[in-house]
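Every chain is numbered from 1 and lettered A, B, ... according to where its sequence line falls, protein lines coming before strand lines. Note: hydrogens, waters and symmetry copies are ignored here, and every other heavy atom, side chains too, is used.
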Amino acid sequence: MSQVATNGVIAGYEEHARTAIAKAVADLGLTPRGPIDLRPVPFAGTWGVASSISHALAGEAASAELAASGALEGLSKKEAKKLTSERARMLSVELAEKIAASLSASGAFASVDAANGYVNISFDANLVASGLVGEVLTRAQEYGAGAPRTERVMVEHSQPNTHKVFHVGHLRNSVLGVSVSRILTAAGYPVMEATYPGDIGMHVIKCLWCYERFHLGQEPADEQERGRWLGQVYTESDARLEYRKDLIGFLQTLIKDDPIFVESIDRLLKLLWREDADTEDIAYLLGRVSFGQELKDTEFRDDATIRKFWPIVGQQLRLELENEKPYVEVEGVDPPEMTPGERLDRWEELNQHIDWWPLVPGWREEIKQTFARWEAQEPALVARWQETREWSLNDFRRIFDELDAHFDVWFFESEVEEPGKEIVKELVASGLAEISDGLTVVKIDEKLGLTEPVYRTLPILRSDGTSLYSTKDLALTKRKFEEFGIDRAVWVVDVRQSLYFKQIFKILELWGFEQAKQAYHLPYEIVTLPEGIISSRKGRAPLYDDVKEAVLQRAREIIDEKNPELASDKKDDVAWQVGIGSIKYTMLARDNSKIVVFDLDEALSFDGHAAPYIQYAHARACRILENAEWDHAGAVDAANLGNLTLDFGEIQPEELALLQQISALPEEIQRSADQYRPLLIANYVYELAKTFNDFYHACPVIHSEEPVRSARLTLVDATRQALANGLWLLGIEAPNEM
RNA sequence: GCCCCAGUAGCUCAGUGGAUAGAGCAUUCGCCUUCUAAGCGAAGGGUCGUCAGUUCGAGUCUGACCUGGGGCACCA
């Protein structure tokens with residue numbers, strides 16, 4: 001029974017069943033091709049394991065038998081198949097009966113029967129339940145955890161950029177990273193968690209430029225507000241620098257999907273003519289608009305042209321809105337991107353800053369200079385960077401704390417910039433990298449002798465010698481393995497970076513860095529909004545702090561309604577547990593490969609398949625134990641001494657289902673660790689809550705007679721533990737009352 | 001053009017080659033004098049994108065195609 005102690009009670013019984021089936025099969029003179037499959041019996045009212053081994057054996061036998069007898073000759077493929085299939089079904093039923101009979105005769109199982117070609121082995125419920133529940137109570141928080149492993153894993157997640165805001169997109173990453181780390185830990189791996197904030201790069205330069213140039217000293221007095229404020233400065237920097245592109249882009253949209261605008265262009269340009277605009281510019285506009293060709297902001301001779309033209313465009317859009325005709329769909333023609341109302345709004349937005357138009361080229365020049373100052377490590381700029389960076393990091397530390405994300409290592413992009421450049425030098429020296437059109441790249445496919453594009457080409461240094469994201473990741477990967485002695489490194493980064501990571505890992509491998517093979521990119525799909533992609537650049541992102549506030553407020557409202565007697569500070573605790581738990585659960589109860597469309601109304605709905613449902617089941621279990629004045633410590637003692645014996649009397653289907661569900665946790669943990677999928681745990685714990693619900697609706701606990709009462713209370717205790725453990729793996733708290 | 005991902009109920013999603021494809025939301029109808037109604041029960045709702053193939057057995061594996069999304073030289 002030592003096997004049972006390490007792998008769990010149920011694993012022991014399963015192993016036992018597997019060996020017995022294998023023996024029964026061998027006694028019949030048959031050899032299964034693969035391992036004996038086992039699964040829970042999929043019917044209510046049973047607890048045990050089923051095998052479809054007789055189907056597999058019968059299939060082979062039927063084919064062989066029919067082929068040998070010549071019965072298939074002259075038949076069409078379809079007919080032959082049908083015949084084989086029918087014969088296999090008959091044989092599998094016979095075989096299952098023989099195997100079941102043999103297992104029954106051995107007397108090793110409570111009951112064995114054959115049904116439909118399956119062999120079903122039922123457990124002696126009271127006996128196995130005592131073992132299982134005893135295991136849950138003695139192992140407590142450790143129940144479900146696997147045997148310790150030696151492979152050391154580093155999980156890097158949570159890579160928000162400083163100088164930008166933390167939004168729900170980052171939230172998915174952190175929540176996923178925390179959960180994957182916990183699941184790997186539970187599966188037995190020693191895990192290191194690492195975060196990697198992007199504290200340098202073009203976004204930082206832009207933000208610093210905008211801060212110095214327009215907002216120096218305007219930062220909020222409250223230090224807690226500064227991170228968010230800085231994010232707004234970043235958004236503004238981008239709006240300024242991209243102003244011309246944005247405006248031209250909008251004109252381009254008008255040309256594409258507003259035929260009335262295009263038809264009116266002659267008249268509009270006549271008006272522009274009267275404004276004394278540059279004639280060549282007018283001709284340029286006329287040509288491009290009437291032929292639907294691409295406009296370029298650099299093609300205008302006079303900066304004043306667009307400023308004169310803009311009010312005219314606005315008048316036209318207003319006119320179109322006033323005379324709006326219902327949109328009629330035409331087959332083969334794409335519907336317009338924007339409604340007339342949206343067009344006017346967008347025009348208005350751009351109009352507010354029309355004076356930016358002539359300034360943009362100068363600003364872009366200033367960005368280059370700021371970048372150069374950074375490269376030269378000008379002390380004043382570096383000091384500014386350190387100060388502002390800290391505002392963002394303050395936010396991140398608080399947010400990670402709130403999310404219960406704890407890191408063993410903090411990597412910063414700024415630390416690996418120089419080491420990265422060193423590696424690039426080596427790569428160039430060794431001939432792996434080359435300089436193509438001034439840009440340092442690795443032509444990976446060429447180096448591998450591939451003719452089809454697979455890895456393509458990766459730039460690893462800008463032509464001006466400044467570092468790229470890739471420059472830094474080369475150094476970081478090396479550092480992870482060499483400095484921290486890990487065996488496997490996992491990057492939790494969204495799916496759009498898949499090719500990029502393939503490239504980085506392959507380059508390191510080509511360079512001769514063996515551990516590159518143990519580097520794994522864990523991709524997950526992005527979070528979008530119902531109206532499209534999240535962009536902190538455009539300032540269109542639900543911020544973590546805002547979503548948190550909304551969700552806490554909603555949770556508090558519901559608590560006030562559902563459980564008004566709860567003490568006020570307790571209400572706050574529960575609101576936090578439920579609110580944060582709900583956000584986390586919606587992120588985790590969707591597979592990594594699925595896009596999450598973030599909708600605040602949905603996030604605020606706590607009904608049905610959501611965290612509170614599971615938390616509620618946990619709270620109910622706690623309350624039952626409390627009302628029964630259940631002696632938890634006594635039960636644990638009994639279990640530790642091996643004295644725990646449960647007597648459910650005539651055991652109910654709901655009790656069996658609950659036992660079966662509790663018993664599945666260890667396997668689910670291993671499976672979700674192997675696949676890096678918290679979803680499996682999210683589903684598991686929901687199913688467990690549901691099964692528990694069924695149980696306590698069907699089976700009175702406190703009001704039942706001994707010994708059933710104690711058996712049920714122990715089962716409730718075990719359920720409470722399994723729910724808490726499952727929620728912990730998701731990073732979600734389990735309230736004792738709510 | 002090449003590569004990756006998704007396509008299952010009206011919507012959002014589960015589904016480990018195995019028994020009758022399941023949840024939640026939404027809709028309709030029930031259930032609080034019994035351990036918390038954030039709950040429970042019932043009803044309706046499906047050519048599992050299409051077509052071939054592998055298999056005793058395919059929503060699940062393979063191939064082709066269709067639709068949508070993403071990626072592919074100086075963003076991160």
Side-chain angles (χ1 to χ4, degrees), chain A residues 37 39 41-43 50-52 55-63 81 84-89 91-92 115-118 120 159 161 198 201-203 413 436-441 443 452-464 466 468-470 472-473 493-500 502-503 523 525-526 528 537 555 558-559 561-563 565 578 589-591 593-595 597 599 602 605-613 615-617 619-621 623-628 667 671 675 679-680 682-683 686-687 690 693-694 696-698 700-704 716 737-738:
Chain A
D37 70 302
R39 69 198 68 250
V41 182
F43 303 119
S51 177
S52 66
H55 282 110
L57 291 168
E60 288 172 38
S63 306
K81 234 175 150 167
T84 318
S85 169
E86 276 166 9
R87 181 69 190 135
R89 204 171 311 130
L91 281 176
S92 73
N116 236 342
Y118 293 84
N120 297 333
Q159 307 94 342
N161 285 329
M202 189 55 90
H203 68 280
E413 287 191 24
S436 164
D437 298 331
L439 180 66
T440 309
V441 298
K443 295 185 175 169
E452 295 290 309
V454 178
Y455 294 96
R456 298 167 191 271
T457 295
L458 183 71
I460 54 174
L461 200 67
R462 283 199 187 89
S463 49
D464 61 5
T466 61
L468 288 164
Y469 193 58
S470 54
K472 296 165 247 181
D473 247 333
V493 179
D494 82 56
V495 68
R496 293 172 299 185
Q497 256 91 285
S498 294
L499 174 61
Y500 165 76
K502 266 204 219 163
Q503 293 173 322
E525 266 293 357
I526 57 166
T528 68
R537 218 167 56 74
I558 293 177
I559 295 161
E561 178 197 322
K562 307 270 187 191
N563 198 353
E565 290 108 74
V578 166
R590 200 145 302 348
D591 218 338
S593 59
K594 286 284 201 321
I595 293 170
V597 180
D599 183 71
E602 261 174 46
S605 161
F606 300 152
D607 294 331
H609 192 171
Y613 179 92
Q615 294 172 312
Y616 184 67
R620 288 293 292 263
R623 179 58 66 84
I624 291 173
L625 297 172
E626 190 187 318
N627 288 345
E667 200 187 325
R671 209 156 68 86
Q675 302 173 14
L679 166 73
L680 300 181
N683 283 345
Y686 175 71
E687 279 305 317
K690 211 172 165 56
N693 255 330
D694 290 344
Y696 75 64
H697 276 93
V701 177
I702 298 174
H703 304 293
S704 57
V716 171
E737 57 179 329
M738 52 190 283

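Between the side chain of A/Ser63 and the backbone N or O of A/Thr84 there is no donor-acceptor pair closer than 3.5 Å. The backbone N or O of A/Tyr455 sits less than 3.5 Å from a side-chain atom of A/Gln503, completing a donor-acceptor pair. Between the side chain of A/Asp494 and the backbone N or O of A/Arg496, at least one donor-acceptor pair lies under 3.5 Å. Checked by atom type and distance alone, the side chain of A/Asp37 pairs as donor or acceptor with a backbone atom of A/Ser52 at under 3.5 Å.
Within 4.0 Å (heavy atoms only), A/Glu626 reaches no atom of the nucleic acid at all. Within 4.0 Å (heavy atoms only), A/Ala617 reaches no atom of the nucleic acid at all. Counting non-hydrogen atoms under 4.0 angstrom, A/Ala610 reaches nothing in the nucleic acid. Within 4.0 Å (heavy atoms only), A/Leu499 reaches sugar-phosphate atoms of the nucleic acid but no base atom. Residue contacts shown for A/Glu737 include a base, since a base heavy atom lies under 4.0 Å away. Residue contacts for A/Ser470: at a heavy-atom cut-off of 4.0 Å it reaches no nucleic acid atom on any strand shown. Within the 4.0 angstrom heavy-atom criterion, no nucleotide atom of any strand lies near A/Asp473. Nucleic acid contact class of A/Val441 (heavy atoms, under 4.0 Å, all strands): base. Among the heavy atoms of the strands lying under 4.0 Å from A/Lys443 is at least one base atom, whether or not backbone atoms are also near. Note on A/Asp694: only backbone sugar-phosphate atoms sit closer than 4.0 angstrom, heavy atoms only; bases stay farther off. Contact annotation for A/Ala56: base contact, defined as any heavy-atom pair under 4.0 Å involving a base atom. A/Ala115 comes within 4.0 angstrom of a nucleotide base, judged by non-hydrogen atoms across all strands. Residue contacts shown for A/Pro42 include a base, since a base heavy atom lies under 4.0 Å away. Within the 4.0 angstrom heavy-atom criterion, no nucleotide atom of any strand lies near A/Gly198.
Annotated as syn: B/C32, whose O4'-C1'-N torsion sits within 90° of 0.
One C1' atom belongs to B/U67, the other to B/U8, and the distance between them is 16 Å to the nearest Å. Using atom P as the reference point in both B/U60 and B/G68, the two lie 23 Å apart (nearest Å). Spacing between B/G1 and B/G44 at atom C1', rounded to whole Å, works out to 48 Å. Here the separation of B/G17 from B/G53, taken at their C1' atoms, is 16 Å to the nearest Å. Comparing B/G46 with B/C4, their C1' atoms sit 29 Å apart, to the nearest whole Å. Across the P atoms, B/G41 and B/A23 are found 10 Å apart, a figure rounded to whole Å. Separating the P atom of B/C65 from that of B/C25 is a span of 41 Å, rounded to the nearest Å. Straight-line distance between the P atoms of B/G10 and B/C66: roughly 26 Å, to the nearest whole Å.
Closest approach to the A/Ser85 side chain among B/C35, B/C56, B/C5 is made by B/C56 (side chain taken as heavy atoms from C-beta onward). Checked against B/C35, B/U16, B/G71, the side chain of A/Glu667 finds its nearest nucleotide in B/U16. Of the candidate nucleotides B/G39, B/G70, B/A19, B/G70 has the atom nearest to the side chain of A/Arg496. Of the candidates B/A73, B/A38, B/C35, B/C35 carries the atom nearest the A/Arg623 side chain, counting heavy atoms from C-beta on. Here the side chain of A/Arg462 is nearest to one of B/A76, B/A19, B/C56, namely B/A76. Side-chain proximity of A/Arg39 to B/U16, B/C74, B/C35: nearest is B/U16. Of the candidates B/A76, B/G18, B/A38, the closest approach to any side-chain atom of A/Phe606 belongs to B/A38. Out of B/U16, B/C25, B/C40, the shortest distance to the side chain of A/Arg671 is found at B/U16. Of the candidate nucleotides B/A76, B/A19, B/G24, B/A76 has the atom lying nearest to any side-chain atom of A/Leu468. When the nucleotides B/G18, B/A38, B/A73 are ranked by their closest atom to the side chain of A/Ser52, B/G18 comes out on top.
Taking both residues in full, the closest heavy atoms of A/Gly59 and A/Ala88 are given as CA-CB, 4.1 Å, listed atom of the first, atom of the second, then distance. The two residues A/Ile702 and A/Ile624 come nearest to each other via the heavy atoms CD1-O, 3.7 Å.
Using a 4.0 Å cut-off, some side-chain N or O of A/Lys594 falls inside it from OP1 or OP2 of B/A14. A/Asn693 has no side-chain polar atom (N or O) that falls below the 4.0 Å cut-off from OP1 or OP2 of B/G39. Between A/Arg620 and the phosphate of B/C40, there is no side-chain N or O to OP1/OP2 separation shorter than 4.0 Å. Within the structure, every side-chain polar atom (N or O) of A/Tyr696 is placed at least 4.0 Å from both OP1 and OP2 of B/U34. For B/G24, the OP1/OP2 oxygens have a side-chain nitrogen or oxygen of A/Lys690 closer than 4.0 Å.
Contact of A/Arg89 with B/C56 (side chain to base): no donor-acceptor pair of N or O atoms is detected under 3.5 Å. Checked by distance alone, A/Asp591 brings no side-chain donor or acceptor within 3.5 Å of a matching partner on the base of B/A6. With hydrogens and angles ignored, a donor-acceptor pair closer than 3.5 Å exists between the side chain of A/Ser463 and the base of B/C74. A donor-acceptor contact under 3.5 Å is not formed by the side chain of A/Arg456 with the base of B/C3.
If you measure from atom OH of A/Tyr686 to atom C1' of B/G22, you get 11 Å, rounded to the nearest angstrom. Atom NE2 of A/His609 and atom C1' of B/A23 are 7 Å apart (whole Å). Remark: C1' of B/C75 and CD of A/Glu413 are 11 Å apart, rounded to the nearest angstrom. Remark: P of B/C74 and CG of A/Leu461 are 14 Å apart, rounded to the nearest angstrom.
For A/Ser593 and A/Asp591, the side-chain atoms include no donor-acceptor pair closer than 3.5 Å.
Nucleotide B/C51 has B/G63 as its partner under the Watson-Crick or G-U criteria, with both atom distances under 3.5 Å. For B/G39, the paired base is B/C31 (Watson-Crick or G-U wobble, both distances below 3.5 Å). If you check B/G44 for Watson-Crick or wobble pairing at under 3.5 angstrom, you find it has no partner at all. The base-pairing partner of B/C2, taking Watson-Crick or G-U wobble contacts with both distances under 3.5 Å, is B/G71. Pair check for B/A14 finds none; no Watson-Crick or G-U wobble contact set falls under 3.5 Å. Of the nucleotides present, none pairs with B/U20 by Watson-Crick or G-U wobble criteria with both distances under 3.5 Å.
Between A/Asn683 and A/His609, some side-chain heavy-atom pair lies under the 4.5 Å cut-off.
By the stacking rule of 5.5 Å between ring centres and under 30° between planes, A/Tyr118 stacks on the base of B/A19.
The pair A/Asp464-A/Arg462 fails the salt-bridge criterion, with no side-chain N (NZ, NE, NH1 or NH2) lying under 4.0 Å from an Asp/Glu carboxylate O.
Taking the six-membered ring where the residue is Trp, A/Tyr686 and A/Tyr613 present tilted rings, their angle falling between 30° and 60°.
Judged by closest nucleotide on RNA chain B, A/Ala555 is the one of A/Ala555 and A/Ala58 placed further toward the 5' end. Residues A/Gln675 and A/Pro459 each lie close to RNA chain B; by heavy-atom proximity, the contact nearer the 5' end of the strand is made by A/Gln675.
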